[in-house]
Number of protein chains: 2
Amino acid sequence: MLVATLADVARRAGVSTATVSRIINNSPKPVADALRERVLAAVAELDYVPNANAQQLARADRSAVGVIVHDVSDPYFAEITRGLQRVATENGRLVIICNSYRDPERELAYVDLLHAHRTAAVVLTGSGYIDPATTARLDHKLRLFEATGGRVAVIGRHEHAGDAIVPENEHGGWLAGDALYRLGHTAIGVIAGPAHLTTTADRLTGLHRAAHDHGQTLTTDQIEYAGFDRNGGYAAAALLLDRNPGLTAIAALNDSMAVGALALLRERGLEVPSQISLIGFDDMPISVDVTPPLSTVRLPLEEIGARAMSLALREEGGDPQVEHVAAHLVLRGSTAPLQ
Amino acid sequence: MLVATLADVARRAGVSTATVSRIINNSPKPVADALRERVLAAVAELDYVPNANAQQLARADRSAVGVIVHDVSDPYFAEITRGLQRVATENGRLVIICNSYRDPERELAYVDLLHAHRTAAVVLTGSGYIDPATTARLDHKLRLFEATGGRVAVIGRHEHAGDAIVPENEHGGWLAGDALYRLGHTAIGVIAGPAHLTTTADRLTGLHRAAHDHGQTLTTDQIEYAGFDRNGGYAAAALLLDRNPGLTAIAALNDSMAVGALALLRERGLEVPSQISLIGFDDMPISVDVTPPLSTVRLPLEEIGARAMSLALREEGGDPQVEHVAAHLVLRGSTAPLQ
DNA sequence: TCCCCTTAGGTAAGCGCTTTCCTGGCAGGC
DNA sequence: GCCTGCCAGGAAAGCGCTTACCTAAGGGGA
């Protein structure tokens, strides 16, 4: 069985395609009830489903919105995506989720792809890349997309001068550092994310500033870069501890890594927080369920997603809008004063 | 600036649209190198990006594949989605992820939507609904989609007689129950998922069978239904314990609920596993990071996703294929012999 | 040298819709 | 009774591509 087309429905109902189209789309043009019923009946009998590609082509309207994330299965993005989806759904929009898996090339390819599909907007999440060439190419593509009528909103990125949600990464880093220094710790290790991501750089900057504010400095051997996930945290904690056995506190630049570090600490028989304090970042759902519950810097991820989608969906025009989202310190059981 | 079309490129390069199309799509038809270069130059100068809707319409080919999940931000689906995406990407396919949020109506709407977009396939994950009317409507839409050339693959669902990946939910339930009975527990409480989902029913059936095999029975007051998430588990555990203070073991039908139960147990001062054993289901990433680490029934989620996508992507025809995926018992620290 | 075959490239007919513009019929006003 | 105005519905022109088919030119064999 071939798929039924508008023309098939029209033929069956004995009307023109124009009429069927009008009825299906609830166009304002009035149509006699008898006709409407006949058409609707034909639609049902033929199990007609309009071809969205043809509709989009004919209407030249843009409806779906594309979302490019590093990895939906990462709780950080999962939470943001949830907010994104909620608002999109409230507005009757379809969301296309694309995982770049932190590969800049793939990210670039996805922008083209969403452009090709003439999505109404693309929202780009996740840290940007520090490499200027990549940034420039991305920006070019983004501008092009905007120039042809698409909207773009970015979350926590610097590269694009358009609508943006910017989480206070630097201030958050400062909050984490400040909390640790206040508790009396000075032998602090830092588990950073990948070095080429701006999120890492920003959070690290905050940490450095906190150190400075407390008359301390953070040296390079106190910092270990790793993947933004549990295993990264686990491995980095081991390296840090080997190099620096006297550590009394560790700041991890996200909660996944903190959880990994916690596992390593337990393995090494280091009691948290009595022997060593640990602080994370993001306040992912998992952080209350580990033992001890993680102190962390909270970023309202779901809300960030929701606000980004609102930005992406707002009507044409308007100046680029940049919304800052505050980070908050959440002290739980994994941090304690220096003994 | 309006978006450049094929015709614009053709005009600029001084060739016909056919030639441009052939060059862009690397069609087998030979084209002189000089022309090719001129066209490619024009493409670059105009920042031409083909309109995917028009292409799809003209070619009548299907490329993207739609995925309907309950909620990507749920680790269970996040993990499956990861597998789905991996295989799709390996095959150069775009994935459209749709969150039904466990709403049957939304699920139905998404099937229509993916049909309308003429996706190559849709893969449906997550438990099905026990309500026969919903099931019938869904099945009708799915068949229609198939009849018009789409493929469908389902994960862990009964309703559709097509390609399917079926995790051994019932056997998994049996494994969990059997493990508990073997340890000597008989005062067992069960935290079940939503009653209208088949996953719940299947896992529960396994549990009942295990009870029976050990000369026991599971009465209704030993079972508490809840949402498949942490809070559901937390609340259900409280109810179960209030009703049944002598419980020595709890089986939760997924790990998220088990984690919630664990939190409640801790609050009530009940030591796990010395005073009460706890077993989960799915082996989500979090289960190794809670204290004590969760005993559970492992389902290879990423692999399930990957296999479902392979099924969805295979060439036309072929008989419906049903692949079973084995569940395995994973004993960690949250279960212990009855004292 | 002529003819036919090959080949590079163009012409134009769709793909399945939407929408502008047009037509024919009817009611109401004079 | 005739003209005007209005209204329901249809005809057809695209939307931006792909591709089957056609044309013109060049090359080789007889």
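These numbers were taken from a predicted model, which means no experiment stands behind them. Each chain gets a letter, A, B and so on, in the order its sequence line appears, and its residues count up from 1.
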#### Entry: Closest non-hydrogen atom pair, B:Ser100 against B:His70
OG-ND1, 3.3 Å

### Task
Hey, which sits more toward the 5' end of DNA chain C by its nearest nucleotide, A:Arg59 or B:Gly14?
B:Gly14

### Query
Just how far, in rounded Å, is P of C:dT20 from NZ of A:Lys29?
10 Å

### Message
My understanding is that only residues two or more places apart in sequence, or in another chain, count here; which of them pass salt bridge (charged side-chain N to carboxylate O under 4.0 Å, His left out) with A:Arg82?
### Response
B:Asp71

### Query
If we only count heavy atoms from C-beta on, is the A:Gln55 to A:Asn25 side-chain gap below 4.5 Å?
yes

### Task
Kindly say if B:Ser16 contacts the phosphate of C:dT11, meaning a side-chain N or O under 4.0 Å from OP1 or OP2.
no

### Query
Between the side chains of A:His140 and B:Asp47, does any donor sit under 3.5 Å from an acceptor?
yes

### Summary
By nearest-nucleotide position on DNA chain D, the 5'-leaning member of A:Thr17 and A:Val31 is A:Val31

### Task
Walk along DNA chain D from 5' to 3' and tell me the first and last nucleotide with an atom closer than 4.0 Å to a non-hydrogen atom of chain B.
D:dG16 to D:dC21

### Query
So do A:Arg93 and A:Met309 actually touch side chain to side chain, heavy atoms under 4.5 Å?
no

### Query
Over how many whole Å does the gap from B:Arg11 atom CZ to C:dG10 atom P extend?
14 Å

### Query
Roughly, in whole Å, what's the span from CZ in B:Arg22 to C1' in C:dA8?
8 Å

### Query
What's the CD-C1' distance between A:Gln56 and C:dC17, to the nearest Å?
12 Å

### Query
Starting at CG of A:Asn51 and ending at P of C:dG14, how long is that distance when rounded to a whole Å?
18 Å

### Task
Give a yes-or-no answer on whether the side chains of B:Gln321 and B:Arg314 include a donor-acceptor pair shorter than 3.5 Å.
yes

### Message
What's B:Asn53 touching, base or sugar-phosphate or nothing? Going by heavy atoms closer than 4.0 Å.
### Response
nothing

### Any B:Thr19 side-chain N or O less than 4.0 Å from OP1/OP2 of C:dG9
no

### Query
Can you check the A:Asp8 CG to C:dC17 C1' distance for me, whole Å?
13 Å

### Task
In whole angstrom, give the distance that lies between atom CG of B:Leu6 and atom P of C:dT11.
14 Å

### Query
Just by distance, do the side chain of A:Thr148 and the backbone of A:Leu144 share a donor-acceptor pair under 3.5 Å?
yes

### Message
Students often get this wrong, so: under 4.0 angstrom with heavy atoms, is B:Ala18 touching a base, only sugar-phosphate, or nothing?
### Response
base

